[in-house]
2 protein chains.
Amino acid sequence: MNKRQTKDLLYEQVSRIGKAVSSPKRLELLELLAQGEKTVDAVAAEASLDIRLASAHLKVLKEARLVEARREGRFIAYRLSGDDVSALWVNLRTVAEEHLVELKVEMERIFAAPEKLDAETRRSLLEKARRGDVVVIDVRPSAEYETGHLPFARSMPLDEIRQRLKELPADRDIVAYCRGPFCMMSAEAVELLREHGFRAHKIADGTPEWQAAGLPLAES
Amino acid sequence: MNKRQTKDLLYEQVSRIGKAVSSPKRLELLELLAQGEKTVDAVAAEASLDIRLASAHLKVLKEARLVEARREGRFIAYRLSGDDVSALWVNLRTVAEEHLVELKVEMERIFAAPEKLDAETRRSLLEKARRGDVVVIDVRPSAEYETGHLPFARSMPLDEIRQRLKELPADRDIVAYCRGPFCMMSAEAVELLREHGFRAHKIADGTPEWQAAGLPLAES
DNA sequence: CGTATATTCTAACGATTATTGGAATATGTC
DNA sequence: GACATATTCCAATAATCGTTAGAATATACG
């Protein structure tokens with residue numbers, strides 16, 4: 001086999017990964033699975049897809065080895081095939097945020113203040129959370145919290161906040177996070193909390209961003 | 001605009017990056033441009049593409065804002081639009097190498113021993129090169145060396161090695177690198193050097209891998 | 001063992017993309 | 001200003017992909 005044919009083979013293989021991430025729906029599914037293992041109809045519902053279409057997209061992701069499937073009774077549970085896949089998603093989204101003006105303006109339109117974190121801010125947030133100077137709340141569904149969450153964060157799913165307001169302090173800063181920069185749950189939580197007089201802020205990070213920055217998650 | 005429409009818009013934008021990297025040819029062009037600014041016919045020749053097809057692919061990359069173009073006299077020079085693009089290429093290739101068995105076996109078939117470097121090995125190589133315990137040679141075309149190269153590496157383009165053998169030490173290890181794990185220039189260099197009795201080895205890293213690992217390059 | 005549920009498979013269609021060759025544009029040179 | 005060179009534009013074709021709907025499979029439950 002000559003050099004050209006060999007090279008074609010190599011790039012062809014890498015393009016399998018590229019093709020897998022070339023569809024907006026599949027990217028959404030990847031981000032969902034980055035929050036933990038989920039069944040087909042769970043991701044289909046979250047991404048507003050017909051179950052059969054979601055299944056087809058998951059199949060493509062599986063053939064690119066970005067996800068793995070496992071039967072769980074009547075359901076089939078999909079999960080990312082590694083932390084590097086989650087990091088790839090973060091990388092793709094970051095490059096898009098950096099270079100695509102259309103995405104930048106859209107993000108600014110949706111989220112008034114885009115609270116991007118740098119390494120230093122992440123470290124200091126962690127320290128303040130450890131000391132209890134701020135209360136970090138994870139507003140995702142509790143199953144996702146249990147798969148992995150920011151250290152010192154407590155679970156406070158968006159649809160439970162209203163009933164659990166008394167668990168939160170009125171005299172300290174509350175920092176809310178959810179699935180990542182594209183997720184709107186933390187913004188909704190902050191709005192709700194501010195209406196009730198709390199000092200709430202959101203950060204753009206989700207667990208995938210935190211992990212991609214090389215920081216450890218907590219479990220249980 | 002409702003939540004679904006907003007989400008669709010966001011993932012749609014990220015998928016522009018995904019679509020750009022979904023073609024093997026475009027990945028090859030990206031890797032070439034990660035070695036430095038190049039003209040259309042230069043990359044077309046390197047990638048064995050018709051100039052018109054190369055131009056079309058570069059246009060797609062430009063529309064995804066992964067590359068930028070600049071007129072240079074009669075030529076048009078393309079370059080990556082940032083170091084993060086180079087890092088994205090490395091990330092995609094690494095995920096592919098990690099998860100795609102077909103790629104793994106193909107790599108093993110081509111390159112007898114895949115000399116992957118971890119953080120520690122990179123550091124110690126750098127130290128040995130600094131002290132002069134090993135001679136690191138950059139076998140890429142000299143223009144690429146000038147755009148950026150590993151610290152303490154000297155330029156020794158593949159097609160000049162035969163004439164410049166006397167510049168190399170016979171009593172020390174020689175480490176050759178080129179554009180990255182897919183590039184065959186360092187393997188050819190090592191073969192040539194060993195035939196002449198040198199103690200030559202190759203590493204898989206190119207400048208993109210080195211940079212993506214957070215290490216600095218040298219210029220000039 | 002029959003029924004309900006979750007998922008996959010298959011076939012079909014329309015939309016998008018890769019590739020090709022010819023024509024057009026832009027720059028530099030004589 | 002005519003010519004050569006580098007690149008882009010345009011139109012056409014073949015290949016691939018996304019989506020939809022109906023049928024098939026596989027497991028759990030009564």
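Source: prediction; values computed, not measured. All values below were derived from every heavy atom in this structure, side-chain atoms included, with hydrogens, water molecules and symmetry-related copies excluded. Every chain is numbered from 1 and lettered A, B, ... according to where its sequence line falls, protein lines coming before strand lines.
The distance from atom CG of B:L61 to atom C1' of C:dA18 is 14 Å, rounded to the nearest whole Å. Counting to the nearest Å, the P atom of C:dT3 and the CZ atom of A:R74 are 16 Å from each other. As a whole-Å value, the separation of B:L58 CG from C:dA18 C1' is 15 Å. For the pair A:L53 CG and D:dT20 C1', the interatomic distance rounds to 9 Å; values are reported in whole Å. If you take CD of B:E63 and C1' of D:dT8, they are 12 Å apart, rounded to a whole angstrom. Per the geometry, NZ belonging to A:K25 stands 13 Å off C1' belonging to D:dT20, to the nearest Å. In this structure, CD of B:E28 is placed 15 Å from P of C:dA18, rounded to the nearest angstrom. The separation between A:R52 atom CZ and C:dC13 atom C1' is 15 Å, rounded to whole Å.
Nucleotides of DNA chain D nearest to A:D50 and A:G73 differ in position, and the one nearer the 5' end is that of A:D50.
Side-chain nitrogen and oxygen atoms of B:R26 include at least one within less than 4.0 Å of the OP1 or OP2 phosphate oxygen of C:dA18. Side-chain nitrogen and oxygen atoms of A:Y78 include none within less than 4.0 Å of the OP1 or OP2 phosphate oxygen of C:dA6. B:S55 has no side-chain polar atom (N or O) that falls below the 4.0 Å cut-off from OP1 or OP2 of D:dT7. A close approach under 4.0 Å does not occur between any side-chain nitrogen or oxygen of A:H57 and OP1 or OP2 of D:dC17.
Rounded to the nearest 0.5 Å, atoms SG (B:C183) and CG (B:D205) are 12.5 Å apart.
Residue pairs meeting the side-chain hydrogen bond (donor to acceptor under 3.5 Å, both in side chains) criterion with at least one partner in residues 58-70 of chain B, sequence neighbours excluded, are B:E37-B:R70, B:E68-B:R79, B:R70-B:E72.
Which of C:dA18, D:dT7, C:dT7 sits closest to the side chain of B:F75 comes down to D:dT7. Which of D:dT7, C:dT7, D:dG18 sits closest to the side chain of B:I51 comes down to D:dT7. Set against C:dA26, D:dA6, D:dT27, the side chain of B:D41 has D:dA6 as its closest nucleotide. Here D:dT7 is the nucleotide among D:dT7, D:dT27, C:dC9 with the atom lying nearest to any side-chain atom of B:I76. The listed nucleotides are D:dC17, C:dT19, D:dT27; the one nearest the side chain of A:K19 is D:dC17.
Salt bridge status for A:R16 with B:E102: present, with a side-chain N to carboxylate O gap under 4.0 Å.
Listed by chain and residue number, nothing satisfies the ring-ring contact (aromatic ring centres under 6.0 Å, His included) test with B:H57 (two or more places apart in sequence, or in another chain).
Contact annotation for B:T39: backbone-only contact, meaning every heavy-atom pair under 4.0 Å involves sugar-phosphate atoms and none involves a base.
A donor and an acceptor atom, one from each side chain of A:T121 and A:D118, are located under 3.5 Å apart.
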